[in-house]
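Quick notes on the structure that follows.
Just so you know, residue 1 is the first one in the sequence shown, and it goes up from there. Whatever order the structure lists them in is the order used to number ligands and atoms, beginning at 1.
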Amino acid sequence: MAGTRKKTNISRRGFLSSAAAGSAALAAGSNPLQAANPENMAPNVPDWSRYLGAGVAEQPYGMPSEFENQVIRRNVPWLTASTESSVSFTPIHELDGIITPNGVCFERHHAGIAIVDPADHRLMINGLVDKPMMFTMEDLKRFPRVNKIFFLECAANSGMEWRGAQLNGCQFTQGMVHCVEYTGVPLKYILEEAGVKTNARWLMPEGADAAAMNRSLPLEKALDDCLVAFKMNGEALRPEQGYPLRLVVPGWEGNLWVKWLRRIEVGDMPWQAREETSKYTDLMEDGSSRRFTWVMDAKSVITSPSPQAPITHKKGHTVISGLAWSGRGLIDYVDITLDGGKNWRRARIDGLRLPKALHRFYYEFDWDGSPLLLQSRAVDETGYVQPTKNELREVRGTSSIYHNNGIQTWHVQANGQVENVEIS
Ligand code: MTE
Ligand code: CO
């Protein structure tokens, strides 16, 4: 470690000189971020310094700068037959820190976005309870509430990569994940209000969308850390994320996080719903299926450099950045390799470190301009080590769609372009 620290110090000096070289390159027009109008570039006085800008409240609800219009959700049109039962992906290659801005959280809908009037919305609790209940949104806001940051990952994240490297960009290969701060009521308070009968073991949360999406949730998990959430990152849930109410099931696959939550039935057996039998089960090589694979295993990905975020500065000081997460709690550490797994170095986790939330990691080094095979490997607090894709295939085969948490490899070429590859 001492050696690594020393190397970072040396690199930092290199960074200052290469930053100066970088602006020279910009002036020479070799940078992809080349200014549209050289007249605006220092030492000239730019246009935006000569005139008054727009006044306050010009945009009653602010939007990102127009120069950031590439930071958007994207979908893969050939993946699904319609956009109503489909997925869009978070632009994780453009983001930093651990919080996903509300406007770019990936979406997964089975029947499109339900537009729900909160005044008409109710949460029903029925089944094995002493008192069946019907809560308005106002009622729910009178329970004690909590604020918690959690990642949500769709079990199908990286699902296209089971048989080999497919899609060129971590937005598409790992972008079915987001991480926001939820404000909501612990589900256990609501269940206590209704009085769960002693033979109750399972819950069936159900959505108000046209899919009426439902899943079976063990009562134990519901009483442990599940929330009924109405806010994300301080404001109301977005319609795409289940406005006005969604279930939060920390660390477990996204499919259980029922959006537009309208009903919770309490029972003594699982319901064997479509989403836990024909879907969200994992087909093994011997023809059997794993089911109720709820927990999201530890996973990580380098978000930059990556195919949509190539290296543009030539050799010199380079920042590697990425995300790691585990449905079992905290990430203990992340290692990264530049040479396809021959040598591993410890990455630096920076910022908030919270259980079942994204963790942000960095690794700074001096790139000599030669090709790299970049990988990251996460280890969580239970000691679980993120497997290679081949290790995963040895156990699971290649017929699965869900729960692919294998190590991602990026091939960085000498020109800075990056490709999704696999190495054996
Ligand atoms: N809830 C309802 N009512 N309808 C849905 O289609 N999709 C599920 C889950 N909850 C879904 C739902 C799936 S598969 C996932 S991965 C998450 O919502 C996606 O949440 P997001 O759209 O906020 O990213
Ligand atoms: Co999903």
Side-chain angles (χ1 to χ4, degrees), residues 73-75 79-80 82-92 95 99-116 121 123-124 149-160 171 174-182 184 203-217 226-233 235-265 271 273-282 293-296 299 325 327 358 400-405:
R73 295 190 277 233
R74 290 185 178 85
N75 65 338
L79 206 59
T80 53
S82 75
T83 56
E84 293 84 4
S85 179
S86 192
V87 58
S88 68
F89 301 88
T90 308
I92 51 174
L95 305 178
I99 297 293
T100 314
N102 288 344
V104 292
C105 285
F106 89 91
E107 317 149 85
R108 172 77 178 97
H109 317 307
H110 289 72
I113 303 164
I115 302 301
V116 177
H121 190 69
L123 174 64
M124 294 184 269
I149 298 175
F150 294 119
F151 78 81
L152 180 166
E153 184 184 15
C154 180
N157 199 16
S158 313
M160 282 82 76
Q171 177 165 23
Q174 279 87 7
M176 288 169 84
V177 67
H178 54 62
C179 184
V180 307
E181 183 189 44
Y182 294 97
L203 306 183
M204 188 206 62
E206 181 185 72
D209 52 337
M213 220 213 70
N214 64 344
R215 281 291 300 255
S216 304
L217 177 73
C226 291
L227 306 178
V228 166
F230 38 82
K231 291 220 150 82
M232 59 193 285
N233 293 332
E235 63 178 1
L237 292 175
R238 291 291 171 91
E240 301 92 307
Q241 266 65 48
Y243 178 88
L245 198 64
R246 99 172 296 168
L247 190 62
V248 169
V249 189
W252 287 21
E253 64 186 18
N255 189 255
L256 287 143
W257 299 49
V258 173
K259 301 192 277 191
W260 312 289
L261 180 67
R262 72 181 287 269
R263 185 167 78 96
I264 297 177
E265 189 173 330
W271 276 259
R274 173 185 183 270
E275 301 294 311
E276 55 204 15
T277 50
S278 130
K279 308 291 175 199
Y280 298 94
T281 49
D282 309 314
T293 44
W294 299 304
V295 180
M296 299 311 293
K299 184 164 172 176
W325 60 96
L358 294 184
S400 278
I401 298 168
Y402 309 107
H403 296 279
N404 182 350
N405 65 324

Open item on the list: Which residue and atom name correspond to the protein heavy atom nearest atom 9 (C) of ligand 1, and how close is it?
Closed with: G254 O, 3.2 Å
- [ ] Taking the Co ion (ligand 2) as the centre, count the protein N/O/S atoms lying under 2.8 Å from it.
- [x] 1
Open item on the list: Could you check whether any heavy atom of E206 sits closer than 4.0 Å to an atom of ligand 1, since that is the contact criterion I want to use?
Closed with: no
Open item on the list: Regarding ligand 1, does W257 bring an N or O atom to under 3.5 Å of one of the ligand's N or O atoms?
Closed with: yes
Open item on the list: What I want to find out is whether E240 reaches R73 closely enough, with some N-O distance under 4.0 Å, to be called a salt bridge.
Closed with: yes
Open item on the list: If I apply the N/O under 3.5 Å rule, does R108 come out as touching ligand 1?
Closed with: yes
Open item on the list: If you measure every N or O of H110 against every N or O of ligand 1, does any of those distances drop under 3.5 Å?
Closed with: yes
Task: Protein contact of atom 20 (O) of ligand 1 - nearest heavy atom, named by residue and atom, plus distance - done: R246 NH2, 3.0 Å
- [ ] May I ask you to list the atoms of ligand 1 that are less than 4.0 angstrom from any heavy atom of Y280?
- [x] 14 (S)
TODO: Report yes if H109 has an N/O atom closer than 3.5 Å to an N/O atom of ligand 1; otherwise report no.
DONE: no
TODO: Please work out whether the ring planes of Y280 and H110 are parallel, tilted or perpendicular, with thresholds of 30° and 60°.
DONE: tilted
- [ ] Could you tell me whether L152 approaches ligand 1 through its side chain, its backbone, both or neither, with non-hydrogen atoms closer than 4.0 Å?
- [x] side chain
- [ ] Do me a favour and list the nearest non-hydrogen protein atom to atom 16 (S) of ligand 1 with residue, atom name and distance?
- [x] C154 CB, 3.3 Å
TODO: Identify, for atom 24 (O) of ligand 1, the protein heavy atom at the shortest distance, and state residue, atom and that distance.
DONE: F106 O, 2.7 Å
